[in-house]
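What follows is one structure encoded as structure tokens, with my remarks underneath.
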Amino acid sequence: MDLNVRHEYAASPDAVHTMLTSPDYLSDLGQAHDTAITVENEGDVSSLTVQAKAPDQVRSMVGETLSVDARVLWERDGEGWRGVVEVAKLKLPAKVSARAGLQPGGPGTVVEYDMAFSVTVPLLGKKIEKLAEPRLRRALDAQKRSGDAWLAEHQD
């Protein structure tokens, strides 16, 4: 399953990057959606742990909680930023490839997320992918809504 999402923020790429790497912002975002998100930043690497209630359809495989440990490797990309996600631990037999690009545009910054997600469970993989797509899209859209509010409060 491929997922491509585009968001526009009324802030600079540096402000959006600061938001996306802010432990306080990500923790608050998680709490607002019954998800625990922790982040530690070291240089241009953000290490994330995300824990959420597992959907009913995958509980028999992962238990009550779906956990993901990932690193986002950030680098400058012209006037913006590029983040490459490395999933270190996923409590589901799946492969994930994800990138985020932050560039000047729109009202300030255009963020483009590109993700490839495949579940390696015979007979059920495609069905689980179809269940995951709208959930991932809703999570990114929730991040957009809360991000607008956070950026408005934290503008220089």
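When a residue number appears, it is its place in the shown sequence, counting from 1. Values in this document were obtained by computation on a predicted structure and should not be read as measured data.
No side-chain donor from either of N41 and T21 sits under 3.5 Å from a side-chain acceptor of the other. Under 3.5 Å, the side chains of E112 and N4 contain no donor-acceptor pair of N or O atoms. A donor-acceptor pair shorter than 3.5 Å can be found between the side chains of D14 and W81. One side chain, Y25 or S146, offers a donor N or O that lies under 3.5 Å from an acceptor on the other.
Considering CG of L26 and CD of Q143, their distance stands at 7.0 Å, rounded to 0.5 Å. In this structure, CE in M61 is found 6.0 Å from CG in L92, a value given to the nearest 0.5 Å. The distance from atom CZ of R138 to atom CZ of R145, rounded to the nearest 0.5 Å, is 10.5 Å. Atom CG of L20 and atom CH2 of W150 lie 9.0 Å apart (nearest 0.5 Å). Atom CE of M1 sits about 9.0 Å away from atom OG of S118, to the nearest 0.5 Å. The distance from the NE2 atom of H17 to the CG atom of D77 is 12.0 Å, given to the nearest 0.5 Å.
Looking only at distances, no side-chain donor or acceptor of E40 sits under 3.5 Å from a matching main-chain atom of S47. Here the side chain of T120 pairs a donor or acceptor atom with the backbone of P93 at under 3.5 angstrom. In this structure, S60 contributes its side chain and V58 its backbone to no donor-acceptor pair below 3.5 Å. A donor-acceptor pair is defined here as one N or O able to donate and one able to accept, closer than 3.5 Å; such a pair exists between the side chain of T109 and the backbone of A11.
The salt bridge (Lys or Arg N to Asp or Glu O under 4.0 Å) search around D69 returns K89, not counting sequence neighbours.
Atom CD of E42 sits in a sparse spot, with 12 or fewer heavy atoms from other residues, nucleotides or ligands closer than 6.0 Å. Crowding of E79 atom CD: a count of heavy atoms from other residues, nucleotides or ligands under 6.0 Å not exceeding 12. Atom CD of E86 sits in a crowded spot, with more than 12 heavy atoms from other residues, nucleotides or ligands closer than 6.0 Å.
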Quiz prompt | side-chain contact (heavy atoms from CB on, under 4.5 Å) assessment of L136 paired with M115 | solution = CA-CA 10 Å; L136 292 167; M115 177 185 288; 3.6 Å; yes

Quiz item: Given the rule in the salt bridge (Lys or Arg N to Asp or Glu O under 4.0 Å) test, do R59 and E64 qualify, once you have shown the distances and angles that lead to the verdict?
Solution: CA-CA 6 Å; R59 259 191 214 135; E64 292 294 316; 3.7 Å; yes

Quiz prompt | Steps toward side-chain contact (heavy atoms from CB on, under 4.5 Å) verdict (K144, V111) | solution = CA-CA 10 Å; K144 164 67 169 105; V111 179; over 6 Å; no

Exercise. Go through V119 and L124 one step at a time and tell me if the side-chain contact (heavy atoms from CB on, under 4.5 Å) criterion holds.
Key: CA-CA 8 Å; V119 179; L124 296 175; over 6 Å; no

Quiz item: Taking it one step at a time, do K91 and V68 satisfy side-chain contact (heavy atoms from CB on, under 4.5 Å)?
Solution: CA-CA 7 Å; K91 207 174 165 185; V68 179; over 6 Å; no

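Hydrophobic clustering, defined by side-chain heavy atoms of Ile, Leu, Val, Met, Phe, Trp and Tyr closer than 4.5 Å, groups V45 together with L73.
Pairing each heavy atom of P107 with each of E8, the nearest pair is CD-OE1, 3.2 Å. The minimum heavy-atom distance between G80 and P104, with the atom names listed, is N-CD, 4.4 Å. The minimum heavy-atom distance linking V39 with P23 is given by the pair CG1-CA, 3.2 Å. Taking all atoms of both residues into account, the shortest heavy-atom contact from A116 to D2 is CB-OD1, 3.5 Å. Of all heavy-atom pairs spanning G108 and P13, the tightest one is O-CD, 4.2 Å. The nearest pair of heavy atoms linking M19 to L151 is SD-CG, 3.9 Å.
L3 is not listed as a side-chain neighbour of Y113, based on a closest heavy-atom distance of 4.5 Å or more. When side chains are defined from C-beta on, H7 does not count as touching V110, because their heavy atoms never get closer than 4.5 Å.
L90 and V50 fall within a single hydrophobic cluster, where Ile, Leu, Val, Met, Phe, Trp and Tyr side chains are chained together by heavy-atom contacts under 4.5 Å. In the hydrophobic clustering of ILVMFWY residues, with side-chain heavy atoms under 4.5 Å counting as a link, V85 and L66 come out together.
Between E133 and the options K130, R137, R135, a salt bridge (charged side-chain N to carboxylate O under 4.0 Å, His left out) holds for only R137.
A cation-pi geometry, defined here as NZ or CZ lying under 6.0 Å from the six-membered ring centre and within 45° of its normal, does not hold between K95 and F117.
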